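In the text below, chain A, chain B and the rest are named by the order of the sequence lines, each starting its count at 1. Values in this document were obtained by computation on a predicted structure and should not be read as measured data.
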Amino acid sequence: MSQELNKTYEPKDVENRWYAFWEEKGLFHADENSDKKPYAIVIPPPNITGSLHMGHALNNTLQDILIRWKRMAGYNSLWMPGTDHAGIATQNVVEKQLSKEGTDRHAIGRGKFIERVWKWREESGGTIIRQLKRLGSSCDWDRERFTMDEGLSEAVKEVFVRLYNEGLIYRDNYIINWCPRCHTALSDLEVDYIDTTGTLYHIRYPIIGSKDAVIVATTRPETMLGDTAVATNPDDKRYKNVKGKKLLLPIANREIPVIEDAVVDIEFGTGAVKVTPAHDPADFEIGKRHNLLQIVVIDDSGCMTQESGDKYKGMRREESRKEIVKQLEEEGYLVKKEPHQHAVGHCYRCRTIVEPLVKLQWFVKIKPLAEEAIKAVEGGKIRFIPKGWENTYFEWMRNIKDWCISRQIWWGHQIPAWYCCDCFGDMITIFSHDKPSGTSYATLRKGGKTHEDILSSVDRCVIDKSVEPIVSKGKTRCPKCNGSNMIQDPDVLDTWFSSALWPFSTLGWPQKTKELSTFYPTDALVTGFDIIFFWVARMIMMGLKFMNDVPFKDVYIHALVRDAEGQKMSKSKGNVIDPLIMIDKYGADALRFTLSAMASPGRDIKLSEDRIEGYRNFCNKIWNASRFALMNVKGDIKKDIKGYNIFDRWILSRLNRLTREITASLQEYRFDEAANAIYQFIWHEFCDWYLEAAKPVIYKKDDADKRNITQTVMIHSLETSLRLLHPFMPFITEEIWQRLPKLGAVSGMESIMLAPYPAADESLIDDVIEEEVRLLQDVISCVRNIRGEMNIPPSVEIDILLKAEEGKRADLYRQHSEYIKFLAKAKGIKIGSDIVKPHIAATAVLKDAEVYIPLEGVVNFDGELPRLQKELEKIKKEIEFINKKLANQDFINKAPKDVVEKEKEKYRELTEKLNKIEEGIKKLEALRI
RNA sequence: GGGCGAUUAGCUCAGCGGGAGAGCACUGCCCUCACACGGCAGGGGUCGUUGGUUCAAUCCCAACAUCGCCUACCA
């Protein structure tokens with residue numbers, strides 16, 4: 001490898017090269033047989049249809065930081081990767097392909113369709129995995145899993161069967177969220193409620209045998225054709241006299257009763273609500289309480305049914321709303337229309353408005369599982385970071401409703417339930433593509449078809465609720481008739497059902513594997529708050545149920561990534577910042593560092609490209625600092641060193657303090673703190689001060705020992721910083737690290753990934769040295785300040801006169817005068833308590849020192865007076881503030897002694913400074929006269 | 001309706017009982033043999049409003065305002 005480095009860091013080639021190297025050497029692999037302490041994270045499996053967006057980039061950067069950090073810190077570190085089959089989303093993608101080809105899934109049949117999906121997955125499902133690699137993710141790719149894998153499918157079946165046998169899974173008719181476009185049920189979580197301005201229609205329902213009417217208010221007049229009652233609140237005096245009366249339902253001309261139910265809100269609308277048990281969740285419940293009939297007026301496709309009458313039959317629900325309102329208006333039933341704000345449910349996959357429908361579905365009885373999951377968090381077995389999310393979790397878990405797990409799609413884990421066609425042939429309705437109106441299984445058989453014929457041509461089937469399912473991991477015989485003509489339940493499971501098992505199914509469950517015993521429970525789960533319910537809660541429930549232990553100990557919830565204006569990034573808004581484009585432009589390290597530096601807990605990330613560019617510049621800074629180090633060290637480093645200079649000791653102290661801080665921050669998941677601390681250290685301490693201070697030592701040819709020591713400290717500090725930084729910026733750190741001479745524990749190592757994460761050496765943290773360097777920096781900065789303010793060009797050389805008390809700080813300054821001279825760019829320096837201020841000189845007053853820069857013949861001197869006056873004003877204000885405090889007897893008496901003492905000390909210093917400056921001003925003014 | 005969070009320099013955000021900070025942007029000087037994706041220096045904030053607790057409040061408490069998010073059978 002060439003030692004010559006380019007002037008700017010070029011990430012592209014570096015990243016590809018090192019990632020390939022790491023993979024080739026198997027450095028991401030965790031060994032289940034290792035006796036090192038395990039540390040494990042399972043990836044929140046990205047959707048196979050997805051491509052990497054900023055949310056993924058953040059999520060995976062943070063996981064990779066944890067994993068790389070722990071791996072370096074000596075843990076057997078496993079990052080379990082994989083993807084999720086994303087039932088509805090994936091099915092939609094492939095259906096779109098088919099549609100382009102002029103066909104659809106029904107035409108090709110279920111088997112062929114599934115084949116197509118697998119084919120699509122082979123070709124396109126790897127996209128996001130490749131993108132994760134570009135980000136630098138150090139996942140154990142040998143173990144990559146997919147939720148539809150054989151092993152994971154086995155886990156799904158096992159769980160289903162066990163939950164069913166325990167009565168925790170059941171099949172029932174219930175009102176569920178139905179997407180009329182996807183043609184499937186959705187769980188409550190899969191519905192997005194969007195605030196919409198709709199219309200509240202007030203409709204007259206005449207009272208039979210009276211001239212009066214009850215006026216109901218509704219946002220969905222099209223469902224009125226399915227009304228089977230009108231409900232009022234039992235406490236509502238306005239409706240006392242209509243209780244038990246019958247109303248005439250307009251248009252339908254049916255009689256419906258007035259009932260009373262406590263759920264009705266007296267304040268809302270007219271206080272009377274139409275009840276449509278088949279098309280509204282609340283009405284469904286009312287219907288159950290009052291034994292109301294369910295009249296289905298909207299079908300699976302969102303069209304009006306036969307039940308809604310000839311006029312409306314077949315009409316789309318949106319159109320029928322208009323038409324019904326029109327008819328009501330014409331017939332004088334419409335009392336008024338008013339705009340109304342409400343939340344309308346949309347399918348989270350396709351944005352279609354969901355239709356609540358009563359359907360036969362499979363559910364998980366969730367309360368018993370939720371109770372344990374609540375306890376695990378209450379008892380501290382799982383902790384959320386930041387802690388505030390625990391409330392969100394509890395809130396949801398305590399109000400949880402049964403989970404609808406069946407989906408009427410084809411791509412997914414088909415429900416392992418079987419029905420005997422011989423016993424129940426009449427109650428199994430078969431729909432085939434050429435005959436979309438269903439026929440009973442029994443009839444088909446009588447028509448001469450064989451069982452196999454029927455199964456091969458089935459497009460969809462409906463199995464009556466009364467047909468008893470036989471739940472089994474594989475096809476079985478009927479326990480009643482011992483027949484083998486079984487048909488499998490056509491539904492598949494909610495994708496999140498298999499995701500919930502991810503922390504143990506990926507480790508081999510239900511087999512008792514070494515992986516499971518080594519890595520379960522995992523250590524941390526890193527995810528966004530948007531899937532706490534979808535995923536985190538369900539993993540906890542399933543982990544506790546089937547592993548008798550929590551799936552992870554820490555749940556780190558990170559922010560959402562938004563654009564610079566705080567808007568959610570979305571393709572339709574056109575405000576997405578594509579992480580891959582950012583990686584191409586600035587490098588993966590810059591992107592990763594940006595995301596981690598901005599990952600403050602509890603706050604969303606407003607990302608702008610400027611920030612990424614800024615951290616790209618940081619990469620370049622590191623690169624050039626390393627260039628400098630390498631240019632000036634040619635095999636000169638030593639193993640054992642004594643005789644550090646002050647800056648050597650200082651940088652070692654700062655470095656070890658940093659190491660301590662970073663470890664503490666990472667332990668608390670404060671990625672932002674850790675990133676900012678190392679940025680500050682490398683740029684503003686190592687580069688700005690240490691390297692500058694090292695220059696005079698390195699450039700001086702006469703003292704080889706001193707030079708050698710500084711070269712060694714420089715390399716050591718750089719090398720240690722790189723290791724500290726590696727989890728954040730894996731690529732550039734490896735690239736530079738490989739070129740550095742190595743010392744001690746890291747010598748001979750193949751990769752920075754294998755090098756130990758730095759541990760702080762407390763003995764090198766030295767408060768005295770840090771204070772001394774601060775004093776030197778103060779002198780240097782104030783000379784530079786005078787240069788700047790007095791407009792002394794760099795080409796003009798100056799002298800420094802430094803008045804400091806002997807026995808106090810004069811020695812310190814004298815000892816390090818060469819550094820002061822070099823760093824302040826002075827040609828000469830004089831130090832002592834007997835220094836006399838020249839008439840024409842710029843002055844600065846520091847703690848324990850006064851600085852004079854003689855300006856006679858150097859530069860126009862006019863700037864000095866205003867400069868001092870500005871300084872004076874500042875100090876006066878500070879003194880005034882402290883004065884107030886010290887004048888307050890309560891403060892003196894009640895505040896802690898050390899605080900009072902500190903204030904007094906500050907007061908002494910400031911007044912001393914004030915006097916000196918005032919003196920200087922007087923002299924200047926005298927000079928002018 | 002309920003809950004949570006935010007409000008600090010032009011922008012994005014740390015800090016959270018005793019000296020207002022960072023990054024970017026801005027201003028001036030400088031292409032000084034690591035880096036102009038740079039160096040040095042500098043300007044800029046009554047820490048949302050009003051009360052309260054305290055010797056002391058940007059920080060704790062209460063109310064209000066504005067914004068954001070989550071949640072709900074808002075018919």
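- B:C61 and B:G10 are spaced 27 Å apart, taking the P atom of each and rounding to whole Å.
- Within the nucleic acid shown, A:Lys695 comes within 4.0 Å of at least one base atom, counting heavy atoms only.
- Contact annotation for A:Tyr9: no contact, since no heavy-atom pair falls under 4.0 Å across all strands.
- The residue A:Asp688 sits close only to the backbone: its heavy atoms come under 4.0 Å of sugar-phosphate atoms, none of a base.
- Side-chain to base pairing of A:Arg784 with B:C40: no donor and acceptor N or O lie closer than 3.5 Å to each other.
- Across all strands shown, A:Ser781 has heavy atoms under 4.0 Å from sugar-phosphate atoms exclusively, and none from any base.
- Note on A:Pro793: nothing from the nucleic acid sits closer than 4.0 angstrom, heavy atoms only.
- Among the protein residues, A:Arg867 comes within range of no part of the nucleic acid, since none of its heavy atoms lies under 4.0 Å from any strand.
- One C1' atom belongs to B:C64, the other to B:U7, and the distance between them is 13 Å to the nearest Å.
- Here A:Ala217 lies in heavy-atom contact (under 4.0 Å) with sugar-phosphate atoms only.
- Taking atom P in both B:G15 and B:G21, one finds a spacing of 16 Å when rounded to whole Å.
- A sub-4.0 Å separation between OP1 or OP2 of B:G39 and a side-chain N or O of A:Lys825 is absent.
- Set against B:G15, B:C73, B:G18, the side chain of A:Lys401 has B:C73 as its closest nucleotide.
- Remark: the separation of the P atoms in B:A9 and B:G48 is 8 Å, to the nearest Å.
- Within 4.0 Å of A:Phe533, counting heavy atoms only, lie sugar-phosphate atoms of the nucleic acid but no base atom.
- Using a 3.5 Å distance cut-off with no hydrogens or angles, the side chains of A:Glu719 and A:Ser721 do not pair a donor with an acceptor.
- Residue contacts for A:Lys621: at a heavy-atom cut-off of 4.0 Å it reaches a base atom on one of the strands shown.
- The same atom, C1', is picked in B:U50 and in B:G42; the two are 37 Å apart, to the nearest Å.
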Run the ring pair (Phe, Tyr, Trp, His ring centres under 6.0 Å) check on A:Trp623 and A:Tyr9 step by step: do they pass? CA-CA 6 Å; A:Trp623 183 252; A:Tyr9 173 61; 5.2 Å; yes
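- Among the atoms of the strands shown, none is found under 4.0 Å from any heavy atom of A:Val275.
- When the side-chain nitrogen and oxygen atoms of A:Tyr699 are compared with OP1 and OP2 of B:A34, one or more of them lie within a distance under 4.0 Å.
- Across all strands shown, B:G68 pairs with B:C4; the Watson-Crick or G-U wobble distances both stay below 3.5 Å.
- For A:Phe533 and A:Tyr393, the ring centers are positioned 6.0 Å apart or more.
- Contact annotation for A:Lys902: no contact, since no heavy-atom pair falls under 4.0 Å across all strands.
- With hydrogens and angles ignored, the 3.5 Å screen pairs no side-chain donor or acceptor of A:Trp737 with any backbone N or O of A:Ile732.
- Separation of the C1' atoms belonging to B:C26 and B:U58 is 25 Å when rounded to the nearest angstrom.
- In this structure, A:Glu395 reaches neither bases nor backbone, as no heavy-atom distance under 4.0 Å exists between it and the strands shown.
- A salt bridge links A:Arg774 to A:Glu771: at least one charged side-chain nitrogen sits closer than 4.0 Å to a carboxylate oxygen.
- Straight-line distance between the P atoms of B:A36 and B:G18: roughly 42 Å, to the nearest whole Å.
- As judged by a 4.0 angstrom heavy-atom cut-off over every strand, A:Cys619 is placed among residues making no nucleic acid contact.
- Across all strands shown, A:His684 has heavy atoms under 4.0 Å from sugar-phosphate atoms exclusively, and none from any base.
- Between A:Phe628 and A:Tyr699, the ring-plane angle classifies as perpendicular under the 30° and 60° cut-offs.
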